[in-house]
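Okay, so here's the structure we're looking at.
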Amino acid sequence: MIVILKPRAEEARVNALMEQIKQQGVDIHFSRGTQETILGLVGDTTHVDEDWLRASDIVADVRRVSEPYKLANRRFHPQDSHIDAAGRLIGEGTFTVIAGPCSVESEAQLLEVATAVKASGATCLRGGAFKPRTSPYSFQGLENEGLKLLREARRVTGLPIVTEIMSETQLDDFADVDIIQVGARNMQNFRLLKELGHSKKPILLKRGLSSTIEELLMSAEYILAGGNENVILCERGIRTFEKMIRNNLDISAVPVIKQKSHLPVIIDPSHAAGIAWMVEPLSRTAIAAGADGLMIEVHNNPKAALCDGAQSLNPQQFDHLMQDVRRRVAFEEKTLL
């Protein structure tokens with residue numbers, strides 16, 4: 001349920017109304033926009049009397065929200081959210097490029113890639129320290145040593161670091177990570193999502209391989225419900241019957257999410273297609289669709305990569321991509337941050 005207040009409602013009257021509502025056992029999400037102020041009622045609102053609310057002379061309207069996601073819902077939060085990641089804002093009007101290797105393999109490899117992507121204009125550094133792999137015999141990442149190398153790469157380049165968490169037991173190890181990534185396989189790991197809700201860290205939440213947009217928003221709701229408002233959504237392709245590409249990039253997810261939610265949404269074209277030459281055209285599509293950023297895999301020697309080399313750009317290819325990104329982002333009147 002949302003309660004829309006009249007313009008210029010006195011603060012004392014608003015606070016008094018909020019206190020009366022809370023006494024009925026529901027929580028309130030307060031959102032003050034440029035046009036209107038909204039009280040989002042979260043919890044069991046079935047016993048809240050709509051007529052009683054409408055009778056207040058500071059209430060303009062009362063509406064029921066049918067969608068199961070509340071805090072992620074644009075009706076609760078009409079203004080676009082902007083997420084602060086180590087001083088860089090992610091959200092509408094800005095454009096973020098997260099780039100780096102699928103997995104951290106060595107100090108030399110990571111520093112070479114990190115230095116190259118920064119020089120080309122990347123705004124954050126990605127790198128997998130812990131790798132969830134389909135086969136138990138595949139490279140699983142350098143784990144805590146990989147986290148150490150990511151922190152060193154941040155020291156050298158100044159780029160905020162993005163890396164994937166596997167379990168709620170790792171939260172202490174990720175205390176110094178700038179953006180914590182929840183991978184597609186963990187999108188519905190509800191225990192992990194609940195724990196991340198107690199954090200204030202920015203969370204990059206990837207859509208599951210076979211998940212609907214509503215399921216993605218419901219996963220975001222778990223984090224938001226815990227008190228962490230710093231959620232970034234990531235579309236990375238979904239599994240369909242098509243065999244010529246790795247996953248189908250659901251580009252329609254961008255405008256749908258933008259219409260349904262206030263949360264930023266970025267595109268991962270590397271995982272979507274699984275083929276390096278497709279990354280650039282899919283990136284152009286993402287910008288045109290209104291995405292708030294890209295997540296690109298870059299490796300200094302893709303043919304020798306221990307993980308997902310086929311979809312990784314080399315530094316020269318990434319630099320060419322970034323030249324195109326700058327032109328298109330400027331045309332969309334966004335700021336590359």
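In what follows, residues are counted from 1 in the order of the sequence shown.
- Using a cut-off of 4.0 Å between Lys/Arg side-chain N and Asp/Glu carboxylate O, Lys258 and Glu92 are scored as salt-bridged.
- Between Asn15 and Glu19, the side chains place no donor N or O within less than 3.5 Å of an acceptor N or O (distance only, hydrogens not considered).
- Asp178 has no carboxylate O lying under 4.0 Å from a charged side-chain N of Arg88, or vice versa, which leaves the two without a salt bridge.
- Side-chain polar atoms of Glu242 and Asn248 form no donor-acceptor pair below 3.5 angstrom.
- Taken from CZ in Phe174 to NZ in Lys201, the straight-line distance is 10.5 Å, to the nearest 0.5 Å.
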Please lay out, stage by stage, how Thr45 and Arg64 fare under the test side-chain hydrogen bond (donor to acceptor under 3.5 Å, both in side chains). CA-CA 9 Å; Thr45 62; Arg64 292 279 180 183; 2.9 Å; yes
Please test Glu297 against Arg126 for salt bridge (charged side-chain N to carboxylate O under 4.0 Å, His left out), starting from the C-alpha separation and ending with a verdict. CA-CA 8 Å; Glu297 292 196 354; Arg126 64 145 294 155; 3.5 Å; yes
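- Here the CG atom belonging to Leu171 is positioned 6.0 Å from the CD1 atom belonging to Ile180, to the nearest 0.5 angstrom.
- Within 6.0 Å of NZ in Lys6 there are more than 12 heavy atoms belonging to other residues, nucleotides or ligands.
- Between Lys70 and Asp27 no salt bridge is recorded (no basic side-chain N to carboxylate O distance below 4.0 Å).
- Taking CE from Met278 and CD from Gln311, the interatomic distance works out to 12.0 Å, rounded to the nearest 0.5 Å.
- A search for ring pair (Phe, Tyr, Trp, His ring centres under 6.0 Å) contacts involving His77 returns His29, His262, not counting sequence neighbours.
- Dense packing is recorded around CD of Glu221, with more than 12 heavy atoms of other residues, nucleotides or ligands lying under 6.0 Å away.
- Minimum interatomic distance between Val231 and Pro264 (heavy atoms only, all atoms of both residues): O-CD, 3.5 Å.
- A search for salt bridge (charged side-chain N to carboxylate O under 4.0 Å, His left out) contacts involving Arg284 returns Glu280, not counting sequence neighbours.
- Looking at residues two or more places apart in sequence or on another chain, you find a salt bridge (charged side-chain N to carboxylate O under 4.0 Å, His left out) between Arg328 and Asp324.
- Heavy-atom contacts from other residues, nucleotides or ligands closer than 6.0 Å to CZ of Arg54 number more than 12.
- Rounding to the nearest 0.5 Å gives a distance of 8.5 Å between CE of Met166 and CZ of Phe130.
- To the nearest 0.5 angstrom, Leu5 atom CG is 6.0 Å from Thr37 atom OG1.
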